[in-house]
Each structure stands twice: as structure tokens, then as C-alpha cells.
Amino acid sequence: MSVSTYTQPLTTLPEWQEYVDAIQRAPRTSPTVRIIEAGGLHLDLTGQVYSDEVAIHIEKLLEVRQLSARRAALIDGHPVNTTEGRAAWHTQLRTPRPTVEVAEERKRALEFVRRSDSERRWRNIVHIGIGGSDWGVRLVVGAFGYAGMWRNIRFVANIDGHAVEGGLAGLDPRETLVVVASKSFRTAETLENAKRAIEWMQAAGIHNPLNQVIAITANPKAALSWGLQENQIFQFWDWVGGRFSIWSAVSVAAGLAVGSDVVAGLQSGAKAMDDHFLNAPIKDNAPVQLAMAGIANRSILNYGSLNISAYDSRLANLIPYIQQLEMESLGKSVDLNGELITVPTGPAVWGMPGTDAQHTFFQWLHQGSDGAPVDFIACQNEDHTWKEHHTQLLAHCLAQREALMTGKTYEQAIAECISAGLSETKARELAKHKIHPGGRPSNLIMMRSLTPFALGALLALYEHKVFVQGLVWGLNPFDQWGVEYGKVLTKDITAELKGAPARTPHDASTQYWIDRINSES
Ligand code: F6P
């Protein structure tokens, strides 16, 4: 199989123009229910612009964009991350029969958790990492540890001293394991926070605090020179993107907090979604259809953002998780050839769990001038004993979605006002404020219940969605040069705030604040 690294600019493709035309002709919501079942999830796309004609042009566009060959290259570990010359082989981490090195590290991580459990060691875990080395573990622990765990787990990510102070407060250092998760083992926030945790243990009289530290990294050399022994280091590889690293040993702290069976369940669910992505026909392929609906919303209908409303408090951290996955992957404006992409690409992703979201920003979603497509995520069955809560929660979710899809016309609003007892004149005035445009796009992703398998499938669904969108827009979803640039500037400014001369000139305002902070401190 040969996959070209050349990508023809999207808007020069006749297949793109035909797709755009088909979307513009299609109804705003499907007249009949449109649901795809994948990895145990039900993806309801009824609230998206779609038609038989759109379906045909999706197939044509994906053929010219080489979906089959590029998807195979991803799953077979070819260097699809072209700007860094690496594979993006996270799918390898969740296969039941991975390469020898992957199997070996998986076994070591499992064994570490098993030994810690059988010795009832580590009452407290302090997980130190940021971005992809943090969100996945937070998400899994929030999803499956909400009803209590025998270990306390704290997360320290931000360089803000309050984060590390709060993360360590009240813990007994003698019973604490510090987990330093960093792919590069160079991230300033993580290394600085790890130093603080070690000082905190030293201050409590622990002579060898490093004995209570493990590292998870793709740069074991750096962890070794930091002072750790080989047996304290769990490795992953440069072909695992930071935002995909929950599938690696980065999940150790999650295993300690909520159990290795949860981690295994996540991997099986993700694997089921990988198989679906690889084998399902385009029309019934959940990640592909989710991706194409997103592309229509962003690049044709001009929605600048995507809202995630998860109707499950356990999934509060799903929002930043997907935010990083989508925005770090798709926040690009040039294609693989370095040419400007002339349609808008990755949307801003934002959200909050429902129903809190309804009382915070849903007004804007319903009647604001822009609006945003919404991914509603919910569980059909509850895992608690308050059935009434769950019935009401689901009702809220379905009702919001219905309102976005169907809207309310002026005439309906007048009739509503009149039946509430208003005069016709008053009804006509008030009704103007009650119009809901409707036809605002949404998806509903329904899980039977929140199992590790279902969450794993859900995360892989979004990962593959992002891959397909990258492929259509023609960009590389696996690098993040924008974040890297910020890191370089931070390094320089940190030195200048400690008195070093400027290496390169700053803009006037940045220089003003550097000078002011230096002169007043
Ligand atoms: O935010 C940029 C980033 O490079 C992410 O991609 C990554 O998840 C995060 O920093 C942390 O990096 P590391 O795991 O190397 O500490």
C-alpha cells in the first residue's frame, strides 16, 4: 500500500464542491431516525444535515482522500505524523496481542498495581502530569471512582503553587506514592511540581523520597538522570501522542485508584471501536459519520464551536479531555504540504455536564445569534438507586435536543401565549421573544450505562473522528507546534524574570510587565 504524503488542497477537489452543494440542498435534520450502533454505543445523527445525496458525496470525497489506505497506515503504525516523522500508533496499545515491548510494559504496570494492592501500599497517590499526561487519568478516576475509593488520589498539573500546595495538603507523606507522568520528561510544570513533592517528603523526614516516586515516560533516559532507578520507570514510546497516552502506562494511577479491571475494560471498548472503524462501511461507520457531520457544521454551515453536554456528572472531565483531543489535533490552518487551508478547520470545543449546562449557557444555544452544534452524551441506565433522578435527567437531555432540532415558530409562540391568557396584541409582542429557530445541529451518543468498555469505545470514537477530519481537511492531527512555540517563549521570559538579559526583543507590553515585575519584586 502506498500512501502519498501529498494532499491536494481540499477546495480544489471537485468532490469537495459536490459535497458542499449536497449539504446546502439537504434538510437541516433527517426526517427519519438515523442511528449507528458501534462498540455498544448508539450514535444518533438525526439532528444533522444529511440526505442520500450527501451520503454519496461523502463516499466520493473519502475515496479521493484515500480513507482506506490512510486508515490502514494509522492502524499498522506507519509514520502518519509527517511533521515529526512518527507513527501515531495508540491503537497498538489496546490490542489484545500487541508487540513484545508493549506487552512487556503492560505486564510490568499491571504487576506494579497488583503488588501495591496485595501489600495494601500507598494510601495516597499524587499524580503529577499535565495535558495528555493528566486528563485521561482524571477522567477515568472521576468516571469510576465517584462513589469512593480506598486510596486518595490527588492531581497536580498547573505550575501555580496553589495547585501543588492543595494537592499535597493533608496527606501523610509516608503513605504517599508520587507518580510523575510526562512523555517528554521535559515539561516545566511537571518537573517543578515533582520537585516540590520531593521536598515535601524530605521535610517530613523521609530520607529517600525518590523511593516513593515512579515515572511514566517516553524518555526513560531523562528519568534515570533525574535520579530514578530502571524499575521505577514505566515506558511508552514517541509514537504515542501525549493526548492518546491514557492507553499506555500513564493509566497506572487510574489502575491504583479504580482498579486494573477498569483499565482493561477501557482498552477492550476502544479496541471494539477500532475494529468498527476499520471494518464498517462508510455509511454505517460511526467515527466517519460523526467526522463528516462536524465538517459540514464547521466548514460549510460556519459554526465556530462544538459544545459537549454530557448528561452524567461522572463525565465532567470528558469535556477538557475532548477539548485537548480536538483542539490540539485540529487547531491547524495549513495542510500537509504547508498550504493554507481555505475553509475553517477544527472548532473550539467547550461544555459542561447537563443539567448545570442548561442553567449556564443553553439560552445562547437556543436563541443566540451564532449557536453551536451540540454533542449530547448520556447513559440509558443509572448506576445509583434514585430512579426518579435519572428519569428527569434523561428527560432534560431529550428535551433540550428536541428544542434545538425542531425550534418554535412565531405562530406556535402566539398560540402558546394566547392559551396562557394573553390578549392577541400582547401575544404578538411577546411571541417574538419566544421564537426558537430550530434546525440547530446535534448528536446524541447514548451508552447503556457508564462501563469502562463504553467509555473506552467513546474515547476511541472521538479519536477516529478527529483522524477522519484531519484527513479531509488535509492537515496533520498529530503534531502541536503552536503549543511548542509558547513553551519556548515561556523559557525565555522565565529567565528574564530571574534577571537574565532578553535573548530577543519583546513587544512593548510584554517588556513593560517583565520590567515592572522585576523592579517591584
Ligand atoms: O500541551 C502540549 C503537550 O505537549 C501535550 O501534547 C502533552 O499532553 C502535554 O504537553 C504534556 O507533555 P508531557 O507528557 O511531555 O509532559
Side-chain angles (χ1 to χ4, degrees), residues 80-90 93 105 109 126-140 155-160 163-164 167 178-198 213-226 228 232-254 317-332 346 348-349 459 462-463 466-467 470 475-491 494:
V80 292
N81 177 355
T82 48
T83 60
E84 295 180 302
R86 294 174 183 165
W89 211 15
H90 39 279
L93 299 173
E105 276 317 280
V126 176
H127 180 94
I128 301 179
I130 196 162
S133 294
D134 173 56
W135 288 124
V137 184
R138 277 197 211 234
L139 166 61
V140 174
F155 294 93
V156 179
N158 201 323
I159 189 64
D160 182 342
V164 67
V178 172
V179 179
V180 184
S182 175
K183 177 180 173 182
S184 60
F185 221 79
R186 274 198 288 265
T187 302
E189 291 96 323
T190 301
L191 296 182
E192 201 57 39
N193 283 327
K195 252 201 252 167
R196 283 302 82 68
I198 286 166
V213 178
I214 60 168
I216 301 152
T217 184
N219 185 2
K221 265 196 193 147
L224 283 171
S225 50
W226 199 71
L228 296 176
Q232 295 172 284
I233 301 169
F234 297 91
Q235 202 189 332
F236 60 107
W237 302 273
D238 69 353
W239 45 260
V240 183
R243 47 198 176 273
F244 305 91
S245 60
I246 186 60
W247 311 109
S248 73
V250 164
S251 66
V252 161
N317 284 319
L318 181 67
I319 291 143
Y321 186 92
I322 297 181
Q323 237 167 4
Q324 189 202 9
L325 174 63
E326 295 224 358
M327 295 175 78
E328 214 163 72
S329 302
L330 301 170
K332 324 270 162 78
V349 178
L459 300 186
Y462 276 93
E463 284 175 2
V466 162
F467 173 75
L475 55 80
N476 178 4
F478 299 116
D479 59 13
Q480 58 283 316
W481 297 106
V483 192
E484 303 307 330
Y485 177 47
K487 286 183 192 172
V488 173
L489 291 182
T490 304
K491 214 170 162 188
T494 305

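Only this structure's heavy atoms are used, side chains among them; waters, hydrogens and symmetry mates stay out. Note that ligands are numbered from 1 as they come in the structure, with each ligand's atoms numbered from 1 the same way. One-based numbering along the sequence shown.
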Report the nearest protein non-hydrogen atom to atom 5 (C) of ligand 1: residue, atom name, distance rounded to 0.1 Å.
E328 OE1, 3.4 Å
So, S182 side chain and G129 main chain: donor-acceptor pair closer than 3.5 Å or not?
no
Mind listing the closest non-hydrogen atom pair of A249 and F234 along with its distance?
CB-CB, 3.7 Å
Does some non-hydrogen atom of Q324 fall short of 4.0 Å from ligand 1?
yes
Do T190 and ligand 1 have an N or O pair less than 3.5 Å apart?
no
Donor-acceptor pair, side chain of S329 and main chain of E326, under 3.5 angstrom:
no
Atom 15 (O) of ligand 1: closest protein heavy atom, distance to 0.1 Å, is S184 OG, 2.6 Å
Is E189 close enough to touch ligand 1? Criterion: a residue heavy atom under 4.0 Å from a ligand atom.
no
Verify side chain to side chain contact (heavy atoms under 4.5 Å, CB included) between I216 and V179, making sure each step is shown before the conclusion.
CA-CA 8 Å; I216 301 152; V179 179; 3.5 Å; yes
Counting from 1, what ligand 1 atoms have a heavy atom of K487 closer than 4.0 Å?
3 (C), 4 (O), 10 (O)
Should you measure from each heavy atom of G131, which atoms of ligand 1 turn up under 4.0 Å away?
8 (O)
With no hydrogens and no angle check, is any side-chain donor or acceptor of Q323 less than 3.5 Å from a backbone partner on V349?
yes
For a side-chain contact (heavy atoms from CB on, under 4.5 Å) with W89, tell me which candidate from W239, W247, F244 qualifies.
W239
Nearest non-hydrogen protein atom, atom 2 (C) of ligand 1:
V483 CG1, 3.3 Å
Before you tell me yes or no, could you show the steps for W237 and L93 under side chain to side chain contact (heavy atoms under 4.5 Å, CB included), namely the whole-Å CA-CA distance, both residues' side-chain angles and the distance that decides it to 0.1 Å?
CA-CA 10 Å; W237 302 273; L93 299 173; 3.9 Å; yes
Using the side-chain contact (heavy atoms from CB on, under 4.5 Å) rule, pick out the option among Q324, M327, R243 that qualifies with Q480.
R243
the protein heavy atom lying closest to atom 11 (C) of ligand 1 turns out to be I130 O, 3.2 Å
Enumerated ligand 1 atoms positioned under 4.0 Å from heavy atoms of T187:
12 (O), 13 (P), 15 (O), 16 (O)
Please confirm whether F185 comes within less than 3.5 Å of ligand 1 when only nitrogen or oxygen atoms on both sides are compared.
no
I need the atoms of ligand 1 closer than 4.0 Å to a non-hydrogen atom of G132, numbered in the order shown.
7 (C), 8 (O)
